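Structure, as structure tokens:
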Amino acid sequence: MVPPRAKVFLSSLLAIGLLAGSMPIFLNPGSSASALAPNAGKPSASAVEKAPLSPPKVQPNIPAPALSDRLVEYHMDVRYEPEENKLKGKQTLTWTHPGKKSVNELYFHLYPNAFASNDTTFMKESGGRLRSDPMPDDGYGSMTITSVKTTEGLALTHRLQFVQPDDGNIKDHSLAKLRLPKPIKSGESVTIHLEFEVELPKIFARMGTTENFIMAGQWFPKLSVYEPAGLRGRTEEGWNLHQYHGNSEFYSNFGIYSVRIRVPENYIVAATGFPTKPAQKSNGEKIYQFYADDVHDFAWSASPNFVTAEEAFSAPGIPGVRIKLYLDPAHKDLKERYFDAAKSALASFGKWYGTYPYSTLSIVVPPESGNGAGGMEYPTLVTAFGAKNDSPGYELERTVIHEIAHQYFYGMIASNEFEEAWLDEAFATYAEERVMEKEYGITSNTAAQGASITSPAPLKMESWKYSSHENYALNVYTRGKLVLQGIERQVGPQMMEKILHTYAQKYRFKHPTTSDFQKVVEQVSKTSWQPYFDQYVYGSQMADVAIDVIKTKNKGTAEHPRYESTVKITSKDGDITNVPIVFAFEDGKTVERTWSGKDGKVTYTLEYSTPLAWAMVDPKYSIVLENKHINNYMKAGMDPKVVTRWNLSITKLVETLFGSLSW
């Protein structure tokens with residue numbers, strides 16, 4: 001996901017639950033005749049009766065060969081009811097146990113409950129904002145599980161229980177445990193039938209409605225991931241359980257999705273996967289049916305105002321994909337820019353990271369008021385930012401390219417974004433910047449980006465443990481991307497491309513960790529990178545190379561001067577290598593040196609006929625992880641104490657500037 005204020009900010013640098021509280025997850029016995037049931041909530045005689053919901057079994061006649069383990073299979077039927085601003089759905093879920101120990105419970109993410117009140121973990125941590133978008137007034141939403149049954153018809157609804165493993169917040173209902181009537185053994189499958197309702201929030205944090213636009217992201221009860229021993233470095237198997245946090249995104253098993261979507265008959269639907277048959281109109285609604293396999297999520301969007309366009313595209317690594325646009329009318333004349341950005345991204349990523357294995361890629365452009373759903377990735381579907389005007393800058397291309405990069409690092413590689421978000425966001429940002437430079441000639445100002453990291457934090461860290469959303473974004477997106485560029489600066493572009501291609505191919509559909517990536521870096525480069533990862537990935541260091549002291553004295557005579565200049569240079573933070581240095585003398589002569597960075601400090605002694613005027617380390621800002629450039633330069637003759645006070649004042653000013661801006 002792209003944080004829009006982050007992008008605007010860095011661009012400027014280039015130039016310089018349930019409803020509230022204790023409401024239960026299930027309806028009371030008196031209301032157990034769910035509105036999802038065929039005879040419940042019958043319409044009046046004057047109303048048109050709509051067909052009951054029934055999860056579809058439809059799938060392609062010849063399913064594609066499995067690319068993933070396909071541990072889950074979702075069959076869902078959902079109806080959007082704009083009058084009530086609700087989704088009503090039925091789900092048949094089948095899960096295959098990948099571990100060795102018997103399992104007595106399942107865990108479900110109920111993401112819409114994050115918006116149930118101001119007391120949820122998401123709302124408390126985010127302050128009711130995501131990126132620059134606040135939750136609209138009275139914009140709450142929630143999810144209610146109305147029925148849970150086994151295939152034999154045994155009711156399990158009363159066995160649901162909210163759990164809060166991360167913070168113990170009893171008012172957070174974004175994660176629920178379902179106690180099973182009998183244990184599931186290794187390799188066995190269990191099928192559960194659920195019925196649910198979603199009270200849609202006003203559009204915020206990737207989902208909801210605005211005007212007549214709907215974004216259904218994280219809209220269904222979603223099974224948590226059960227990790228066998230060995231997966232992601234686990235020594236003991238078990239569930240990976242986290243609530244929905246203000247910073248966190250998602251982590252799920254790969255599987256199969258067959259989804260029927262019912263909307264008012266004038267609505268157009270964009271969704272993950274591909275349609276298995278043409279949409280049909282019946283009793284005032286339009287019925288779509290989609291199928292996707294080897295994906296770990298399913299999202300959809302709908303609006304009667306979409307302006308649609310579609311083109312086929314193929315390239316090396318892209319055997320054939322249909323690019324589908326669902327544009328807000330304000331961007332109806334920009335379809336060529338969207339197509340061009342998508343094709344540029346796919347062509348590059350297919351070459352760099354491997355084949356795009358899906359047959360579709362949909363791009364949804366929300367209305368301006370739906371920007372809270374913009375800049376987000378889902379399998380085979382991405383959203384651009386809200387259509388604020390009809391002449392956007394390069395942020396249009398940048399956003400589309402970034403979200404398509406997620407099709408690889410989020411979609412196919414599928415690391416755990418709760419715990420290691422940088423493996424998705426930093427890698428997508430790195431890939432995005434490469435395409436922007438290659439296709440549009442736009443290069444990033446790494447010096448300014450490095451200077452923005454005033455509070456570095458470890459990259460391998462749970463997303464909610466960063467001190468703020470700003471701190472999360474600056475580290476996970478920007479600092480993480482700089483870490484990758486720092487590797488590239490040391491190994492060269494060709495070897496870096498080989499590293500990332502090897503990583504993307506080896507761990508496709510495998511849920512890798514940071515240590516897995518480190519192993520690939522070391523295997524391809526045939527070098528140990530442990531100190532680098534310890535400092536910049538697992539640790540919170542940045543580079544800080546400083547000119548400490550310049551001393552000059554005349555060792556000659558007044559008639560025949562011979563000046564000896566001594567320059568002391570120190571690495572004050574993380575290790576660095578191959579530091580370029582420029583020494584400039586008063587007559588204009590310059591001398592260049594390269595310091596290995598060994599031992600963390602070095603002293604240079606230079607003799608010349610005129611005094612040294614100044615010295616500067618890293619004059620071209622090649623050390624991408626440097627964040628305190630103010631002490632890279634020193635003029636000869638300045639009192640070191642004055643220099644220190646000046647540097648500290650400037651540093652404090654920069655920290656205040658960056659800290660005052662929200663992402």
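On a predicted model such as this, the values are computed, not experimentally measured, just so you know.
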What are the two closest heavy atoms between Pro366 and Gly370, and how far apart are they?
-> CB-O, 3.6 Å
Going by the ring-ring contact (aromatic ring centres under 6.0 Å, His included) test, name the single residue among Trp464, Phe418, Tyr472, Phe250 that passes it with His245.
-> Trp464
For side chain to side chain donor-acceptor pair (under 3.5 Å), just list the numbers for Asn305 and Asn212, CA-CA rounded to whole Å, side-chain angles, deciding distance to a tenth of an Å, and then say yes or no.
-> CA-CA 8 Å; Asn305 299 327; Asn212 50 14; 3.1 Å; yes
Any chance CG of Asp137 has more than 12 other-residue heavy atoms, nucleotides or ligands included, within less than 6.0 Å?
-> no
Taking the six-membered ring of Phe349 (Phe, Tyr or Trp), confirm whether the NZ or CZ of Lys351 is under 6.0 Å from its centre and within 45° of its axis.
-> no
With no hydrogens and no angle check, do the side chains of Glu419 and Ser463 hold a donor and an acceptor under 3.5 Å apart?
-> no
Step through it carefully: locate the ring centre of Phe220, locate the ring centre of Tyr74, and say whether they are under 6.0 Å apart.
-> yes
Is a side-chain donor-acceptor pair under 3.5 Å present for Tyr440 with Asp340?
-> yes
Measuring from Tyr356:OH to Ile318:CD1, what's the distance to the nearest 0.5 Å?
-> 8.5 Å
Check against side chain to side chain donor-acceptor pair (under 3.5 Å), Thr191 and Thr94 | CA-CA 4 Å; Thr191 297; Thr94 300; 2.8 Å; yes
Are the aromatic ring centres of Trp422 and Tyr477 under 6.0 angstrom apart?
-> no
Charged N to carboxylate O below 4.0 Å: is that the case for Arg232 and Glu420?
-> yes
Got a salt bridge between Glu285 and Arg262, using NZ or NE/NH1/NH2 to carboxylate O under 4.0 Å?
-> yes
Would Tyr111 and Lys222 satisfy side chain to side chain contact (heavy atoms under 4.5 Å, CB included), going step by step from the backbone distance to the final call?
-> CA-CA 8 Å; Tyr111 288 111; Lys222 192 175 182 183; 4.1 Å; yes
Decide whether Tyr140 and Asn118 meet the rule of one side-chain donor and one side-chain acceptor closer than 3.5 Å.
-> yes
According to the interplanar angle, ranging from 0 to 90°, do the rings of Tyr410 and His296 count as parallel (below 30°), tilted (30 to 60°) or perpendicular (above 60°)?
-> perpendicular
Would you say the side-chain atoms of Glu433 and Ser444 include a donor-acceptor pair closer than 3.5 Å?
-> yes
Lys438 atom NZ: more than 12 heavy-atom contacts under 6.0 Å = yes
Give the minimum heavy-atom separation between Arg260 and Ile287, together with the two atoms involved.
-> CG-CG2, 3.5 Å
Can you tell me if Asp297 and Ser252 form a side-chain donor-acceptor pair at under 3.5 Å?
-> no
Quick check: are there more than 12 heavy atoms from other residues, nucleotides or ligands sitting under 6.0 Å from NZ of Lys86?
-> yes
Could you walk me through whether Phe115 and Phe204 pass ring-ring contact (aromatic ring centres under 6.0 Å, His included), step by step?
-> CA-CA 9 Å; Phe115 317 119; Phe204 169 67; 5.8 Å; yes
Set of side chain to side chain contact (heavy atoms under 4.5 Å, CB included) partners for Pro264, sequence neighbours left out | Tyr80, Pro82, Asn266, Tyr267
Ring-ring centroid check Phe409 Tyr353, cutoff 6.0 Å | yes
Between the side chains of His242 and Tyr251, is a donor N or O closer than 3.5 angstrom to an acceptor N or O?
-> no
Determine, stepwise, if the pair Met143 / Glu197 fulfils side chain to side chain contact (heavy atoms under 4.5 Å, CB included).
-> CA-CA 6 Å; Met143 173 180 281; Glu197 294 185 4; over 6 Å; no
So Ile404 and Leu346, side chain to side chain contact (heavy atoms under 4.5 Å, CB included) or not? Walk me through it.
-> CA-CA 7 Å; Ile404 294 175; Leu346 285 170; 4.1 Å; yes
Side chain to side chain donor-acceptor pair (under 3.5 Å) evaluation trace for Tyr244 with Asp172 = CA-CA 9 Å; Tyr244 195 7; Asp172 185 79; over 6 Å; no
Are side-chain N/O atoms of Asn240 and Asn416 paired as donor and acceptor at under 3.5 Å?
-> yes
Heavy-atom closest pair (Gly246 atom, Glu125 atom, distance to 0.1 Å) is N-OE1, 2.9 Å
Begin from the C-alpha positions of His109 and Ser224 and carry the test side chain to side chain donor-acceptor pair (under 3.5 Å) through to its verdict.
-> CA-CA 6 Å; His109 293 287; Ser224 298; 3.3 Å; yes
List in chain and number order the residues that pass ring pair (Phe, Tyr, Trp, His ring centres under 6.0 Å) with Tyr507, two or more places apart in sequence or in another chain; answer none if no residue qualifies.
-> Tyr503
Just checking, any donor-acceptor pair under 3.5 angstrom between side chains of Asp424 and His406?
-> yes
Would you tell me whether Gln243 and Thr121 have side-chain atoms, one donor and one acceptor, within less than 3.5 Å of each other?
-> yes
